[in-house]
Structures are given as structure tokens and as C-alpha cells.
Amino acid sequence: MSACTLVSVSTVLGCHSCSRIDMFSKGTKRKFSDDGDEMLDESLAGAQVSSSYSLQRQSLLDMSLIKLQLCHMLVEPNLCRSVLIANTVRQIQEEMTHDGSWQVVTEAFCGGSQSPSERLVATEVLCRSREQDAEPKLFSVLSYEGCREEEVVADETLCSVSVSDTASNVCLSESARHCWERDELVDADRDDETCESSRLGPGDDEDDDDEDDDDEDEEVDIDEESPRDNPKTMGQVFGTFEIKNGTPGPDSALEELFSDVDASYYDLDTMLTGIQSAPKMGPYDLLDSLAPSHGPPSIGSPSSCRSDLNELDHIMEIIVGS
Amino acid sequence: MAKLVDQHDHHYCTADVISAVEFSQSGEFLATGDKGGRVVIFQREPQGEYNVYSTFQSHEPEFDYLKSLEIEEKINKIRWLPQLNSAHFLLTTNDKTIKLWKVSERDKRPEGYNLKDEEGRMKDISKITSLQVSPVLRPMDLLVEASLRRVFANAHAYHINSISINSDCETYLSADDLRINLWNLDITDRSFNIVDLKPENMEELSEVITVSEFHPHHCHLLAFSSSTGTTRLCDMRSRALCDQHAKLFEEAVDPANRSFFSEIVSSVSDVKFSHSGRYLLTRDYLSAKVWDLNMENKPVETYQVHDYLRSKLCTLYESDCIFDKFECAWNGTDSVIMTGAYNNFFRMFDRASRRDVTLEASREVCKRRAVLRPRRVCVGRKKRDSDISVDSLDFRKKILHTAWHPTDNIIAIAASNNLYIFQDRHSHHAGHHLEQDRPPQLQDAPAQ
């Protein structure tokens, strides 16, 4: 991605119907996706306004969804904040539906079997965020795997941000940086403690099994959900605040206790797969291939395969329980 | 626990951050609560200074095993009961549990009884021929004790944001995001639900309760405000469940000015009845409004607290600052209102003269007995050196909690872990009247 300056988001979003020309002096140059073809019919100025506005509306939508997803699950999240963000999302969704741009989004990504208002915003947006080149992002998402950082949406007067792929290149003015960094720090700390991260990247296959059980419980399973396959409903966002009626049975209580913990961590197979360097070869195969004769192994051999062998032995002992 | 650094590079814990400030009904005491669940009570000395009177641990962190979530010990609100005898009572609450504390003094202790004689020497037991039933009281150093008298628990599924004691002094309300409950101060195992905003389907939830307060004189009237910017007045006499409001105070938003942030910015963060009971003061993100209880469709006065933030809303949304909840306060005569802002600024508005002042609460500018100088925030070029540019405002430094003495011109300002108490310098001089055509000049009184 190349560096570019951002249009003041709040100026555009603050006045819904304005279309001031001076906004363009700091406009972004972006490639439109093919879906934006209908805009070429308008005058250039009008096109730039509406596409700029819709881009920034989109970024506000994305930001809001991220905020809803990334709850600090150590303490119960603030319901008032969640409701206000959800209302903002609904507002944007409604407007996009009226514009017709919502139709475009849903047709692009789903079979069109469900009507746009039924589809959840989370699904489309988080799908789209994986396609790197389709639409450039306008705000920063700190993926907890640390793989990719994007631009930060900012007011032109408060912050100026450059786009880069590495975390260190984001420049923010003093006050905004402190705000952002402090929140980051809190986020990072809390998410470390919850031991799972909300992933925007691909590869959530192993977590798919856990979701279906939890739908009825109305628990928020932000950690292991793959949004593609099991989008989070508004009810699930607020569902964590539900008081449970009656006494839950011991099993369901335990389930809830562990519901936000990735079960795969406790899967011995997964662990072993990680440790063994050559899963296809059994430990005894390895032993056979290494030993030139069937004589006793020499003590103190510096070979690294020896240590692997010892490790494998150790693991086998654990499995077998000898 | 996160370590924070203030402007002087002093380290402090998040637990020390003050989260509630409240004067007692007479103004003799000032209570503060912090994120660590502690309460500190200050008492006004005869010379006019406030000194620490008592400190106690009100709430402890808890763990909700059903939801696998922590319940914070942070004190959300403190409310004093009117004083009936020599002891003082106050209610404190965190997100889930309300507690009634009794704070009492002891300056005598019982001594002697039967084993020691008047000089404190052990008596010879074989020589005791009579028993003394009543204890002998000896003076001791003043001891202030806080004892827990009532625990009002398990009545709120959501986070408690308000408590308010009724003028009847027997009941009080507690409000969370969706419900308001009515309690009797003596009964802990039962409360009555008087407002319930919870929808059948939580997916339809679009409005939460933000603050609630009883009317100062009419024990059947209460007000509650919401995240949609409305404030409702409810009459408990008309029906048991007060979902139907008696009055709805809401100002229509000009559609031309509507933006995606309009609703968030209109969310009411504090509601206070005037001492007279005739007006309501509401605080939303950018302004403070005075409403006449007899006029619902618009406020009688609107005060812009920091309108220069209007063009920064997106950044403030991103940093979550837009969700900060500022409190507001009336002075004793309802002629001045006060509220906090960012950069450790707080503002006062004189209702009659329409003059306002911005002041800063920070160690750098607050020397003992110094008079506070007004500050100014400028959007463009600085006109004076003392001006602060909008871009250099520190949004970490927010004055969320402020309190005004019930009768005198003394205010308490909480800035992170610091408490500032300011007094009107005129109040020290007998014979000087407070000039009504100027906002009060403030000087710093030492705070602990």
C-alpha cells in the first residue's frame, strides 16, 4: 500500500448533505472497485463527493463493528456504549440500504438468498476486510497476531497518519497517540489474559465446531467465532448481559465457564502436532532410520536427532502412561 | 494493575482514580469513592479546610461464575442520608451491590469494670466484694468508625449507574441500564421494580437508562434520562410501573445538522434537579441544558461546554472519549451551574448574567491560596499566550466528577487521582457579599 493523506472524516460525516468543493483539496486518490461503475455517470465533482462520503461512511461502519466485536471480556462491557455503537451501525445500514449501496455489498458476497436487512453487517464487512486489494481501509485494526496494521481514520486537524504495513510507522499527534496507545495497551493486556484473539484473518476452521452449542445460551463467543460461518447477532452482543433464569445444571455451567476458551488448546492431538516435527514418521521409525546398527546407542552423541528422539520418547511415555 | 503517569511524572494506580464525589446534606462532610472500592470522607474544620475524617474499603472485586466475568469494585455513586443523630449514614454502590454505611465517632472507651482499679492496677481478686455493672468511661483519642449496616444485593442484572434517596428519607431508588428499583432503607431482601426498559427481544434494544434521581421535595416524582437524549419525569402515584412517563423532556434535533454521531452526542450523562425543585439540569456530551419542569419541548437555557469538539467527533468516537460521562452540579442558590471537561478544565455558567468561565484543576496552576485564572480554548490562532489550542487538549485528563457544597461556594473537583477543593475567597471575609454579577473568584483550599 502506498502512503496517502486522508480526508477529514468528521467534516464529511458531520454534515450529511454537504458537498463542499474545498474538501477535495485533501482528497484521497483511490481505485474504485468495479462495483462503483455507476458513479462514473455523474459529474466528476459529484462522484468524488459521494464516493468519498461512502468510503468514509464505510470506514465508520467498519470501525463500529470492530468496537462491538472487541469487547473486554474480563469485565462485562458497557451496555450503554454497545447500544450506542449498535445504533450507529443500524443507522449506517439503513442509509446504505436506501442508497442502494447495501444491495451491492450483499450481492457481492452472499448468494442473495437473504434480504439485506436480515443479513448481519458483521458478516460482509469482516469478509471484505480479508480481501486486501478490493477496498483500501481507512482505519487501524491491530490484529493480535501482529500481522497487519492499517491506516487510522483521523481528523485532519488532530492527527495525520501514514499507511504502512508495519506497526511502527504510524505517526500520531501527541494527544491522539496517547488516547490510542492507552487503549491499545489496555486492549492488549486484557486480550492476553483472555488467551484467545479475535481473528480477522483466515484459518478459523478448527473453531467452527464450538459455535453451534453456544447459540442457544446467548453467550458472546467472540474469541472463536468464524464470522463467515456464524455471524454474531445483536442479541448475542447484548446476550451476555442476560441474567440466566433458573438454576443451570452443572454441565451447562461448566460449559459456560469454558465457552470462551478455545477447546483446541486442550486437544492433545493438536499439541502433539505442534511438537512433532515429522508427524508422518512415528518415533520408532525415526529411531530405525538413525541407528546404523541395532547395537546400543552411543552416549553423549551431539546429534540433534538424538534430542528429538529423547523428546519423542518422552511424549510417547506420556501417551502410553508408562 | 495499570500504572499511570500524571503531568508531573507521578506514578499512580488506576485504583486511585476517583470515581465519585459527594457533599453531605449539610456540607460538613465530603465523600469520595475510587476505582479500588475505597471511600474517603473529609470533614470541614472550623477554619474552613477539609481534612480526612475516615477511610474505609467499601466494595471488593467479585467474580460472577455464571458469566465468567469480574464485577468491578469501583464506586459508581455515593449518596448521603440526611443526618438524624450523631452518626452519619451514606449509601455507596458499585456495578451490582449497594451498601449502607454508618460512620460514627468514639471519644470514650469503657474501662475498668471489675478487674482493674481506678489507677489501672489489677485488683486483687480475693479482695473483690462487689461487682460493678456499669462501665466506667474514659476519654480516648477520637476514633471514627465506619460500619456496614445494610447490603442491598442481587437486584440488578445490569450495571448500576445511579442511586438517589427520596425526600421521605425512608426509600431510595437504584437504577441500572434497563431498570429502576425502589428500596426501603431498612429492607434488604426486597425491592420494587418501577421502571423496566428491557425489550422482549434483546436484539431490539436501542435505549438504556443513563441516570436517575428523585425530586428533592416531591417524594412521588423521579426523573430518569436515557442514551437517546430524552429525560422522563415519572409519577409513582399514577401507576406502579412507571414506564409511561408523566413528562418527556426532549429537544428536537435540526435535521440539517444531523449526523451519525447525533444520537451519541445527545446521550444524557447526568441529571440534577435544582435545589428549588423547579428546574432540571441535564448534561450531554457537548452541552448542559436547564429545563423548566413545566416545559417539555425545549430547554430554557443551553450552555455549550466545549462546542469546539464538534469537528472532532470521529476521532473522539474512535478513542471512545465520546462515551465519557460528565457530571454536572448546581450551586446552593441555583444561580450557577458547573460541569467538567477535558484537559482538567471545568466550566461554570452564571445563569442570570450568562457569563461563563473555564478553570483548570491541576497542580501546576493550583498553588495554595492562589486565585485561579480563567482559561480559554481557541480553535484557530492563539489570541493570548494563555490560550490553549484545541489540538493540544489532553483527552486523558477529564473532569468527570464535580460537586458543589449545598449552601456555600465551595466546590470539589476530581481529576484522576487528585481531589481539588476550591473556595470562594469572599466567604472568608465577614461583611463581603458575593457579587452576583460576576462568577465567583475561586482560590485553592488545601485538599488532602
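These numbers come from a predicted model, not from an experiment. Each chain gets a letter, A, B and so on, in the order the sequences are listed, and its residues count up from 1.
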Would the number of heavy atoms belonging to other residues, nucleotides or ligands and lying under 6.0 Å from CG of B:Asn154 be above 12?
-> no

Rounded to the nearest 0.5 Å, how far does CZ of B:Phe260 lie from CG of A:Leu60?
-> 6.5 Å

Does A:Lys67 count as lying over the ring of B:Phe323, i.e. NZ or CZ under 6.0 Å from the six-ring centre, within 45 degrees of the axis?
-> no

Counting only heavy atoms not in B:Phe192, do more than 12 sit closer than 6.0 Å to its CZ atom?
-> no

Could you grab the distance from atom OG1 of A:Thr88 to atom CZ of B:Phe261, nearest 0.5 Å is fine?
-> 7.5 Å

Mind checking the CD1-CG spacing from B:Ile322 to A:Leu84? Nearest 0.5 Å is all I need.
-> 9.0 Å

Tell me, for B:Thr210 versus chain A, whether the close heavy atoms (under 4.5 Å) come from the side chain, the backbone, both or neither.
-> side chain

Heavy-atom distances under 4.5 Å only: say whether B:Leu178 touches chain A with side chain, backbone, both or neither.
-> side chain

Is any side-chain heavy atom of A:Gln56 closer than 4.5 Å to a side-chain heavy atom of B:Cys314?
-> no

At what distance, to the nearest 0.5 angstrom, does CZ of A:Arg90 lie from CD of B:Glu263?
-> 9.5 Å

Between CD1 on residue B:Ile264 and SG on residue A:Cys80, distance to nearest 0.5 Å = 9.5 Å

How long is the span from the CZ atom in A:Arg81 to the CG atom in B:Asp324, to the nearest 0.5 Å?
-> 11.0 Å

Take B:Asp177 and A:Val83 through the side-chain contact (heavy atoms from CB on, under 4.5 Å) test and state the conclusion after the steps.
-> CA-CA 10 Å; B:Asp177 294 315; A:Val83 168; over 6 Å; no

Per-residue contact mode, B:Ser267 against chain A (heavy atom under 4.5 angstrom) = side chain

